[in-house]
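None of these values were measured; they are calculated from a predicted model.
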Amino acid sequence: EVQLVESGGGLVQPGGSLRLSCEFSGLPGSRLHMSWFRQAPGKEREGVAHIYNSGFTTYYADSVKGRFTVSRDNVKNMLYLQMNSLRPEDTAIYYCAAETRFLAPNWSRSSMYTYWGQGTQVTVSV
């Protein structure tokens, strides 16, 4: 059973930065394609970033391109999301998701993922 545990959320001012982490266990990283999603109150869950099991290919939602960077360390069993130039509209619960099947180009569809973390709250406000 794959387990995912997010951390690193919090309150940050507009223009600030945060780094989210997701520790995974149960399968080696080489078997897991992984993504970050977010869900704001009253909105659908949105795909933010995706990274192949190898770490060599990434995809981003248009709303975060140039501001967010997804990375992973398969030795440490960790997934990261570096978030810069944060905006109030980035406020949401952020989730780590994983899947053993190849997902692109459907990486942003939440229904494609088998494994989910519990989420971490990110609030961008003055």
Side-chain angles (χ1 to χ4, degrees):
E1 180 74 16
V2 174
Q3 294 192 339
L4 308 173
V5 180
E6 302 97 335
S7 60
L11 173 64
V12 62
Q13 292 187 346
S17 297
L18 276 177
R19 189 175 84 152
L20 304 183
S21 299
C22 172
E23 182 175 8
F24 56 88
S25 60
L27 281 176
S30 60
R31 292 195 54 194
L32 295 173
H33 302 283
M34 302 189 72
S35 292
W36 288 98
F37 283 77
R38 66 186 181 186
Q39 189 165 19
K43 294 189 176 182
E44 292 189 357
R45 195 166 293 192
E46 173 192 21
V48 174
H50 178 66
I51 186 166
Y52 281 13
N53 55 347
S54 65
F56 292 140
T57 301
T58 58
Y59 297 96
Y60 295 93
D62 288 344
S63 57
V64 306
K65 278 181 183 175
R67 300 188 298 123
F68 290 12
T69 302
V70 60
S71 62
R72 66 191 297 164
D73 184 333
N74 284 346
V75 174
K76 296 182 178 179
N77 287 357
M78 296 294 294
L79 175 73
Y80 303 103
L81 185 68
Q82 178 66 43
M83 305 186 295
N84 299 328
S85 302
L86 282 161
R87 306 167 180 169
E89 54 264 38
D90 295 317
T91 295
I93 299 174
Y94 283 71
Y95 298 91
C96 171
E99 177 57 50
T100 56
R101 297 170 298 165
F102 181 74
L103 294 169
N106 295 316
W107 70 269
S108 62
R109 294 174 59 183
S110 59
S111 61
M112 300 293 289
Y113 293 80
T114 302
Y115 307 108
W116 290 88
Q118 83 289 349
T120 185
Q121 176 72 46
V122 172
T123 302
V124 185
S125 180
V126 297

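Across all non-hydrogen atoms, the minimal contact from Ser85 to Ser17 is N-OG, 4.4 Å. Here the closest non-hydrogen pair linking Phe24 and Leu79 is CE2-N, 4.2 Å. The shortest heavy-atom contact between Arg101 and Met112 is NH2-O, 2.7 Å. Heavy-atom minimum distance, Cys96 versus Glu6: N-OE2, 2.7 Å. Across Leu27 and Arg31, no two heavy atoms sit closer than the pair CD2-NH1, 3.5 Å. Considering all non-hydrogen atoms of both residues, Tyr80 and Trp36 come closest at O-NE1, 3.2 Å.
Residue Glu89 places its CD atom among more than 12 non-hydrogen atoms of other residues, nucleotides or ligands, all under 6.0 Å distant. Environment of CD in Gln3: sparse, with no more than 12 heavy atoms of neighbouring residues, nucleotides or ligands closer than 6.0 Å.
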As a quick check of understanding, evaluate side-chain contact (heavy atoms from CB on, under 4.5 Å) for Met83 and Val12, giving each step before the final call. CA-CA 11 Å; Met83 305 186 295; Val12 62; over 6 Å; no
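Screening Leu18, Val124, Val122, Thr123 for a side chain to side chain contact (heavy atoms under 4.5 Å, CB included) with Leu11, the sole residue that qualifies is Thr123.
Between Lys65 and Asp62, at least one side-chain nitrogen of the basic residue sits less than 4.0 Å from a carboxylate oxygen of the acidic one, meeting the salt-bridge criterion.
For the atom pair Glu46 CD and Ser63 OG, the distance stands at 4.5 Å (nearest 0.5 Å). Between the CZ atom in Phe68 and the CG atom in Leu20 there is a gap of 8.0 Å [rounded to 0.5 Å]. Taking NE2 of His50 as the start and OG1 of Thr57 as the end, the distance is 8.5 Å to the nearest 0.5 Å. Expressed to the nearest 0.5 Å, how far CD1 of Ile51 lies from CZ of Phe56 amounts to 10.0 Å.
Checked against ring pair (Phe, Tyr, Trp, His ring centres under 6.0 Å), Phe102 has the following partners two or more places apart in sequence or in another chain: His33, Tyr52. Not counting sequence neighbours, the partners of Phe37 by the ring pair (Phe, Tyr, Trp, His ring centres under 6.0 Å) test are Tyr113, Trp116.
Using modelled atom types and a 3.5 Å distance limit, the side chains of Asn53 and Ser30 yield no donor-acceptor pair.
Looking at Gln13 and Leu86, their side chains never come closer than 4.5 Å, going by heavy atoms from C-beta outward. By the 4.5 Å heavy-atom criterion applied to side chains, Tyr95 and Gln39 are counted as neighbours. Between Val64 and Arg38 the shortest side-chain heavy-atom distance falls below 4.5 Å. Taking the side chain as every heavy atom from C-beta outward, Val2 and Leu32 approach each other to under 4.5 Å.
In this structure a side-chain-to-backbone donor-acceptor pair under 3.5 Å is present from Thr120 to Gly9.
Sorted by first and then second residue, the side-chain hydrogen bond (donor to acceptor under 3.5 Å, both in side chains) pairs involving residues 69-79 (not counting sequence neighbours) are Arg72-Asn74.
Hydrophobic clustering (side-chain heavy atoms under 4.5 Å, transitive across Ile, Leu, Val, Met, Phe, Trp, Tyr) keeps Leu103 apart from Tyr60. By the rule that hydrophobic residues join a cluster once side-chain heavy atoms approach within less than 4.5 Å of another member, Trp107 and Leu81 end up as members of separate clusters. Linking Ile, Leu, Val, Met, Phe, Trp and Tyr residues whenever their side-chain heavy atoms come within less than 4.5 Å places Met34 and Tyr115 in a single cluster.
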